[in-house]
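Small disclaimer: the values here were computed from a predicted structure and weren't measured. Residue numbering restarts at 1 for every chain, and letters A, B, ... go by the order of the sequence lines.
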Amino acid sequence: MQVQPDSELDNYLTEISPENSGIWLLKYRYMFGLADFSSFYCGTHELFEPKLRFLPHVTMSNNHGCIISRSKIAKQMGYGMSQNAFELVKQMKKDGVIDYSSNYEYYQSMSNRGFNHVAQFCDIVERYSIDELFMLFKQWDQDALPALGREIVRSTTKGVGVEICLGLAPTKLLAKVANKMAKKSPDKSGVVVLQTDAQIRAALQDFPVEDLWGIGPAYAKFLSGWNIYTALDLAMQPEYWVKQNMTVQSQRLWYELRGVSCVPMEEIPPDKKHICTSRSFAKTIDDFDLILKAVSNHATSCAYKLRKDKLNCTAVVVFLQTDKFRTEQKQYNNDIVIKLDVYSNAARVIVSKALEGLRKIYRKGYAYKKTGVMVIDLIPESHQQTALLFEEKTHNMEVEAKLSKALDSINNRYGRNTVQLGAQGNDKQLQLNAPNLCPCYTTRIEDIMKISIG
DNA sequence: TCTGGGGTCCTAGGACCC
DNA sequence: TCTGGGGTCCTAGGACCC
């Protein structure tokens with residue numbers, strides 16, 4: 001596969017720097033932004049509990065296994081990302097650190113607010129993750145750019161209620177670099193702009209190569225073997241070297257470092273290739289009936305996600321895993337693909353196939369830690385193949401679709417799991433360990449009532 | 001005591017065909 | 001008897017992201 005600067009974005013380039021071996025650009029037609037919320041999950045907790053701003057607090061992963069977000073004060077106290085809870089429990093108690101369970105329904109709604117707010121400042125917004133957005137500016141004034149950046153940060157932080165940082169630069173990768181610099185920047189304005197040749201070079205010279213978007217631990221180790229330690233070191237390698245020693249993704253990264261845009265904006269998110277729901281059990285389980293209920297729950301959730309995205313699947317994967325960290329216990333990991341007779345997103349169909357798979361891979365006598373269901377080979381609902389089917393199957397499909405529709409409308413109105421399939425269950429052993437869940441301040445009326453009274 | 005969950009992209013290599 | 005070599009398709013697994 002050949003790497004070419006994106007054809008549309010190619011038009012941005014107007015002048016090429018004559019000096020140096022490579023392409024370094026002096027002027028750009030368009031500008032990219034990367035906005036991200038600082039300590040997003042913790043920040044959203046502070047919004048409705050203002051006293052938290054003066055207390056150390058963290059947000060925990062499911063089952064309170066590790067830290068996934070830290071408040072400013074917790075960061076200053078030395079609490080790190082992904083630290084295991086069991087190592088920290090005593091210290092946290094001593095330091096008075098509050099540990100919140102994660103509440104993704106609430107975070108998603110806050111993320112939507114951020115997206116809508118930021119959209120008013122640029123031509124295209126792309127949701128990159130729950131707490132990051134890419135922006136594209138088709139027109140801007142070079143001298144006024146820093147001031148525009150500060151205005152976006154000020155207005156969004158105030159309007160949404162959670163602090164943001166912004167990086168502005170001529171490619172997505174450089175915008176990521178600028179954003180990281182903004183987080184560390186001592187001037188506290190929350191913005192870094194990289195738009196001249198000199199600014200970009202200076203930034204890359206001080207930027208560790210392992211912090212680049214797309215360079216993980218494996219590449220970092222490989223690059224250090226070649227004495228490549230900074231982003232500038234990598235950018236100064238000849239293209240053929242990158243081609244020979246790395247992948248096409250790295251080649252794109254190399255172009256982007258040099259100001260040639262290769263990673264286009266994705267205004268409309270592409271259709272998903274697969275959808276997965278999986279959970280670790282709070283405590284290991286070997287009982288088949290309990291695992292069957294968990295798999296039914298996950299399969300129901302996959303079917304719901306499919307319907308929400310207007311997709312059908314043609315195959316279901318089930319997997320079952322023992323606790324990989326308990327190396328002294330006997331291990332068993334397995335998965336299986338079960339093909340569907342026809343495309344479907346109906347809960348009963350997906351669940352029955354998932355259970356068929358589970359029965360095939362379940363072995364008695366193991367302490368299982370995690371199970372999950374994945375739906376694969378996804379196609380849009382609009383691709384109908386009913387004409388090719390036997391009448392009986394077509395009829396069954398229609399019945400299942402109606403049933404799922406009824407299920408969705410009841411559950412959307414009265415809350416998740418108001419109506420369930422018989423195979424599902426919410427036994428105590430299957431419940432997540434989430435002792436300190438914050439209210440869904442923005443999405444659930446009963447929770448909203450709580451805060452207005454309290 | 002416990003170590004998340006949900007994704008994408010790319011490459012290598014096997015199977016198969018001509 | 002020789003057994004090359006180009007092409008496609010599929011899958012497992014690695015690497016990376018938040």
Side-chain angles (χ1 to χ4, degrees), chain A residues 1-3 34-41 58-69 80-93 99-104 107-108 111 126-134 172-173 176 179-180 209-223 243-253 262-263 266 269-284 298 301-302 305 309 315 317 319 321-329 333 335 337 367 369-378 432-435:
Chain A
M1 186 176 159
Q2 241 192 327
V3 178
L34 180 78
D36 89 320
F37 288 97
S38 320
S39 308
F40 184 52
Y41 301 160
V58 295
T59 308
M60 309 301 291
S61 67
N62 283 339
N63 291 323
H64 279 227
C66 64
I67 294 177
I68 53 172
S69 176
M81 264 311 245
S82 310
Q83 276 192 290
N84 292 354
F86 84 103
E87 291 171 351
L88 299 168
V89 161
K90 270 188 191 162
Q91 191 62 39
M92 280 166 58
K93 215 167 190 178
D99 55 336
Y100 277 97
S101 313
S102 27
N103 181 343
Y104 293 99
Y107 307 144
Q108 190 58 57
S111 174
E126 172 192 328
R127 185 192 297 277
Y128 178 61
S129 75
I130 197 159
D131 69 340
E132 283 182 55
L133 305 158
F134 278 111
K172 276 184 163 180
L173 175 63
K176 285 281 262 187
N179 173 275
K180 279 214 174 178
V209 75
E210 67 267 25
D211 289 351
L212 282 174
W213 188 37
I215 301 294
Y219 266 133
K221 198 175 158 200
F222 166 77
L223 291 171
K243 223 172 181 170
Q244 265 174 19
N245 294 288
M246 301 174 82
T247 65
V248 290
Q249 265 170 334
S250 317
Q251 241 179 303
R252 270 183 216 122
L253 184 150
C262 292
V263 186
E266 276 176 1
D271 276 342
K272 295 196 180 103
K273 309 252 161 78
H274 63 253
I275 290 174
C276 177
T277 300
S278 70
R279 290 284 177 281
S280 295
F281 301 124
K283 282 189 178 147
T284 56
H298 300 335
S301 151
C302 280
K305 291 176 187 172
D309 287 356
V317 183
F319 61 88
Q321 298 168 352
T322 47
D323 193 340
K324 63 182 173 190
F325 297 105
R326 294 287 179 90
T327 44
E328 77 285 2
Q329 292 182 351
N333 297 318
D335 59 79
V337 182
K369 182 61 183 172
K370 185 174 180 177
T371 184
V373 173
M374 205 187 317
V375 284
I376 60 173
D377 299 341
L378 308 185
L432 278 182
N433 173 24

Got a sec, which residues hit side chain to side chain donor-acceptor pair (under 3.5 Å) with A:Y128, two or more places apart in sequence or on another chain? A:W213
So, using side chain to side chain contact (heavy atoms under 4.5 Å, CB included) as the criterion, who are the partners of A:S129 when residues are at least two apart? A:D131, A:E132
For B:dC2, does the O4'-C1'-N9-C4 or O4'-C1'-N1-C2 angle fall within 90° of 0, making it syn, or is it anti? syn
Reading 5' to 3' and counting Watson-Crick or G-U wobble pairs with both distances under 3.5 Å, write the dot-bracket notation for DNA chain C, | for bases paired outside the strand. ....||||||||||||||
Can you tell me how far the CG atom of A:L88 sits from the SG atom of A:C66, to the nearest 0.5 Å? 10.0 Å
Name all residues meeting the side chain to side chain contact (heavy atoms under 4.5 Å, CB included) criterion together with A:Q108; count only those two or more places apart in sequence or in a different chain, and write none if there are none. A:S111, A:N112, A:R127, A:I130
Sequence neighbours excluded, which residues qualify as ring-ring contact (aromatic ring centres under 6.0 Å, His included) partners of A:F319? none
Quick one: list whatever passes side chain to side chain donor-acceptor pair (under 3.5 Å) with A:Y107, sequence neighbours left out. A:H45
What is the nucleic acid contact for A:K369, judged by heavy atoms within less than 4.0 Å: base, sugar-phosphate only, or nothing? sugar-phosphate
Mapping A:N62 and A:P270 to their closest nucleotides on DNA chain B, which lands nearer the 5' end? A:N62
Give one of base, sugar-phosphate or nothing for A:I130, where a contact means two heavy atoms less than 4.0 Å apart. nothing
Just to be sure I understand the rule, does A:K176 reach a base, reach only the sugar-phosphate, or reach nothing, if contact means heavy atoms closer than 4.0 Å? sugar-phosphate
C1' gap between B:dC17 and C:dT3, integer Å: 16 Å
Rounded to the nearest 0.5 Å, what separates atom CG in A:L133 from atom CG in A:L34? 8.0 Å
Quick one: label A:S102 by what it contacts on the DNA or RNA (base, sugar-phosphate, nothing), any heavy atom closer than 4.0 Å. nothing
Partners passing salt bridge (charged side-chain N to carboxylate O under 4.0 Å, His left out) against A:K272 (at least two apart in sequence or in another chain): A:D309
Terminal contacting nucleotides, 5' and 3', DNA chain C versus chain A (heavy atom, 4.0 Å): C:dA15 to C:dC18
Evaluate the criterion side chain to side chain contact (heavy atoms under 4.5 Å, CB included) for residue pair A:K176 and A:F134; output intermediate values, then yes/no. CA-CA 9 Å; A:K176 285 281 262 187; A:F134 278 111; 4.2 Å; yes
Check every strand shown and say whether A:K272 touches a base, only sugar-phosphate, or nothing at a heavy-atom separation below 4.0 Å. sugar-phosphate
chi for C:dT1 classified (syn = within 90 degrees of 0, anti otherwise) as anti
Applying a 4.0 Å non-hydrogen cut-off, can you work out what A:E132 is touching in the nucleic acid: base, sugar-phosphate, or nothing? sugar-phosphate
Which residues pass the side chain to side chain contact (heavy atoms under 4.5 Å, CB included) test with A:S280, not counting sequence neighbours? A:N63, A:K369, A:K370
Under 4.0 Å, heavy atom to any atom of DNA chain B: which of residues 210-221 of chain A qualify? none
Could I get the full list of side chain to side chain contact (heavy atoms under 4.5 Å, CB included) partners for A:S38, not counting sequence neighbours? A:E163, A:C165
Quick one: side chain to side chain donor-acceptor pair (under 3.5 Å) partners of A:S250, sequence neighbours excluded? A:T247
First of A:D271 and A:S82 reached from the 5' end of DNA chain B, by closest nucleotide: A:S82
Remember a base hit wins even if backbone is also touched, and classify A:H64 as base, sugar-phosphate or nothing at under 4.0 Å, heavy atoms. nothing
